[in-house]
Every structure is written in structure tokens, then in C-alpha cells.
Amino acid sequence: MADHVADSHGVSMANVAVRYVLEQPTVAGAIVGARLSIAEHIIAEHIEDNSRVFDFALTDSDQARLQAACQGSHDLFQLIGDCGDEYRR
């Protein structure tokens with residue numbers, strides 16, 4: 001499902017995932033990991049790809065597809081709680 005959304009916008013699945021997370025009402029930002037590489041052109045390609053997250057918007061149809069895909073996943077917040085919960089138990 002995410003690959004269909006990515007293809008329809010001409011972006012990577014990683015871009016779709018970050019965009020989806022950023023559009024959640026409880027999310028203020030996302031930290032995107034960077035790959036280490038010796039070649040500068042590869043680093044530049046990753047930076048360019050990551051910045052494409054801001055070049056498209058998810059449609060209502062995209063949101064529905066992604067939400068349907070998430071239905072089969074586990075709610076990690078419910079399972080493990082927020083950061084620091086392990087110290088408060």
C-alpha cells in the first residue's frame with residue numbers, strides 16, 4: 001500500500017512514512033537518520049531524497065490506504081508506553 005502511495009507521488013516509501021508521521025496531530029517533528037558514506041555524492045543524494053518529504057501532500061485516499069496498512073500493526077504506545085515509562089513502573 002505504501003509503495004502505491006509513493007509511486008503515485010514519485011517519492012520513496014521512506015518519504016511517505018515520514019510525511020505520514022508528520023501529519024499525525026500528536027507529532028511535532030521527526031528525526032530522520034542519515035546514512036554515513038565516504039562518497040559526497042551519495043550523502044548529497046540522501047539529503048536531497050529526505051528533503052522531498054516537503055514536496056508532496058498525502059491525499060485523503062493516501063491517508064486511508066496507510067491507515068488500513070497500520071491496522072495490522074501493534075500499538076507500541078499501548079504496549080510499552082512513552083519514553084521513561086519503564087522507570088515509573
Side-chain angles (χ1 to χ4, degrees):
M1 293 198 188
D3 59 339
H4 174 78
V5 174
D7 290 344
S8 71
H9 291 284
V11 297
S12 68
M13 285 181 33
N15 292 149
V16 171
V18 172
R19 183 85 228 167
Y20 180 76
V21 168
L22 287 173
E23 291 186 6
Q24 301 310 302
T26 56
V27 175
I31 299 171
V32 176
R35 296 182 189 166
L36 296 177
S37 178
I38 305 171
E40 276 187 43
H41 72 279
I42 294 175
I43 295 169
E45 287 173 11
H46 291 297
I47 291 170
E48 184 179 334
D49 182 58
N50 288 333
S51 68
R52 297 190 70 208
V53 123
F54 304 108
D55 293 344
F56 71 102
L58 296 172
T59 65
D60 291 341
S61 175
D62 295 337
Q63 288 281 352
R65 282 178 180 272
L66 296 169
Q67 287 170 2
C70 290
Q71 293 303 310
S73 65
H74 297 287
D75 182 349
L76 292 180
F77 186 77
Q78 183 181 23
L79 289 173
I80 62 174
D82 68 355
C83 180
D85 261 2
E86 65 272 19
Y87 302 111
R88 293 189 283 271
R89 293 178 191 207

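Note that the numbering runs from 1 along the sequence shown for the chain. When reading the values below, keep in mind they use all heavy atoms of this one structure, side chains included, and skip hydrogens, waters and symmetry mates. No experiment lies behind these values; they were computed from the predicted model shown.
Taking a 6.0 Å sphere around CD of Q24, one finds it holds more than 12 heavy atoms contributed by other residues, nucleotides or ligands.
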Evaluate side-chain contact (heavy atoms from CB on, under 4.5 Å) for F56 paired with V5, printing each intermediate quantity in order. CA-CA 11 Å; F56 71 102; V5 174; 5.6 Å; no
Would you please test D55 and V11 for side-chain contact (heavy atoms from CB on, under 4.5 Å) and show each step? CA-CA 9 Å; D55 293 344; V11 297; 5.8 Å; no
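Taking CG of L66 as the reference point, atom CD of E23 lies at 9.5 Å (rounded to 0.5 Å).
Taking each heavy atom of S8 and D62 in turn, the nearest pair found is OG-OD1, 4.3 Å. Considering all non-hydrogen atoms of both residues, R52 and N15 come closest at CB-OD1, 3.8 Å. Closest heavy-atom contact between Q63 and Y20: OE1-CE1, 3.3 Å. Pairing each heavy atom of A6 with each of V16, the nearest pair is CA-CG2, 3.6 Å.
A donor-acceptor pair under 3.5 Å is absent between the side-chain atoms of D49 and the main chain of E45, judged by distance alone.
Inter-residue side-chain proximity for V53 and L22 is flagged as met; some heavy-atom pair is nearer than 4.5 Å.
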